[in-house]
Novice: 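There's a structure below that I have some questions on.
In what follows, every chain begins at residue 1, and chains take the letters A, B, ... in the order their sequences are listed.
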2 protein chains.
Amino acid sequence: MFAVEPIACCAPLGSATLTDEEAEGTAALFRALGDPARVRIVNVLATAGGEVCGCELTDLGLSQPTVSHHLKKLYDAGLLEREQRGKWAYYSLKRDAVAKLAAVADLKEACC
Amino acid sequence: MFAVEPIACCAPLGSATLTDEEAEGTAALFRALGDPARVRIVNVLATAGGEVCGCELTDLGLSQPTVSHHLKKLYDAGLLEREQRGKWAYYSLKRDAVAKLAAVADLKEACC
DNA sequence: CCCTCATATCGATGGACGTCAATATATCGA
DNA sequence: TCGATATATTGACGTCCATCGATATGAGGG
């Protein structure tokens, strides 16, 4: 077994392409979908195709405060739109935001 | 530890109703990139284009145990490949895994 | 006005996680 | 064999977070 000599071990990489703010922003975007409850909520909104009343989202086995908590997280992350009509709140996916997420995950420079 | 193969059982956000395992697997994938340090590591690996010695990754302002911790997280999520040569560990991105992550976030196209 | 219902907020709690110092393991070179 | 280096692991600590019950806010209907 021959060993490949690592001649370029500690050569400096190119200049860092991400600032602290960019890294934190990207991480925050992924973190918004880093919980199974929020994945389910986004999945429901994606399959519904349009607006979904928040009152339907308690069917996921979570209490109403918990659902409200997750909806706020997703909304603050910019992934959801919210419209209050009467005493009901209607949520829908911001498709462009999800598309940006996919673009970031694709490691393309096309985002932003 | 489960979710050893979260890539293989990708559950796109736009697919039909998710099972608990699918939601957790998808969330685990996103959670792997839900930390700015790991975003930076993936960014370095992406811009490097190939293998990167782990000894270079301590330049991100983190201690060596912390870098090792994050590398393990990314590796367990299936996003990295690791090869030990001598006393150095060389990491590289699993491009197909990252591509599938992007596909999960893509609402327009089916993933599997 | 009350009552009901949808939603948000507060407070508490338990667990997960990021971080580092110290230590252990392993490899290479002298 | 000994010392230096790269990496992983352990243990501890502080913070963030998911979850819930209780409560507050707000809109309709009677």
Novice: Dot-bracket for DNA chain D, 5' to 3', with Watson-Crick and G-U pairs under 3.5 Å, [ ] for crossing pairs and | for other-strand pairs: what is it?
Specialist: ||||||||||||||||||||||||||||||
Novice: When you match Arg38(A) and Gly86(A) each to their closest nucleotide on DNA chain D, which lands nearer the 5' end?
Specialist: Arg38(A)
Novice: Do Leu33(B) and Leu74(B) come close enough that some side-chain heavy atom pair is under 4.5 Å?
Specialist: yes
Novice: Find the distance between CG (Leu79(A)) and CD1 (Ile41(A)) and round it off to the nearest 0.5 Å.
Specialist: 11.5 Å
Novice: Quick one: is Arg85(A) getting a side-chain N or O under 4.0 Å of the dG28(D) phosphate, OP1 or OP2?
Specialist: no
Novice: To the nearest 0.5 Å, what is the distance between CD (Glu24(A)) and CG (Asp35(B))?
Specialist: 8.0 Å
Novice: Side chains of Val42(B) and Leu93(B), heavy atoms from C-beta outward: is any pair under 4.5 Å?
Specialist: yes
Novice: Taking atom NE2 of His70(B) and atom CG of Leu80(B), what is their separation to the nearest 0.5 Å?
Specialist: 12.5 Å
Novice: Name the nucleic acid region contacted by Tyr90(A), choosing base, sugar-phosphate or nothing; use a 4.0 angstrom heavy-atom cut-off, strictly under.
Specialist: nothing
Novice: Is the closest basic N to carboxylate O distance between Asp96(A) and Lys100(A) below 4.0 Å?
Specialist: no
Novice: Among all residues two or more places apart in sequence or in another chain, which pass the side chain to side chain donor-acceptor pair (under 3.5 Å) test with Glu83(B)?
Specialist: Arg85(B)
Novice: Does a side-chain N-to-carboxylate-O contact under 4.0 Å join Arg40(B) and Asp59(B)?
Specialist: no
Novice: Of the candidate nucleotides dT7(D), dT9(D), dC17(C), which contains the atom at the shortest distance from the side chain of Ala89(B)?
Specialist: dT7(D)
Novice: Would you list the protein and nucleotides 19-21 of chain D atom pairs, both N or O, that sit under 3.5 Å from each other?
Specialist:
from	atom 1	to	atom 2	distance (Å)
dT19(D)	OP2	His70(A)	NE2	2.3
dC20(D)	OP2	Ser63(A)	N	3.1
dC20(D)	OP2	Ser63(A)	OG	3.0
dC20(D)	OP2	Thr66(A)	OG1	2.8

Novice: When we call it a touch if two heavy atoms are under 4.0 Å apart, what does Tyr75(B) touch: a base, just sugar-phosphate, or nothing?
Specialist: nothing
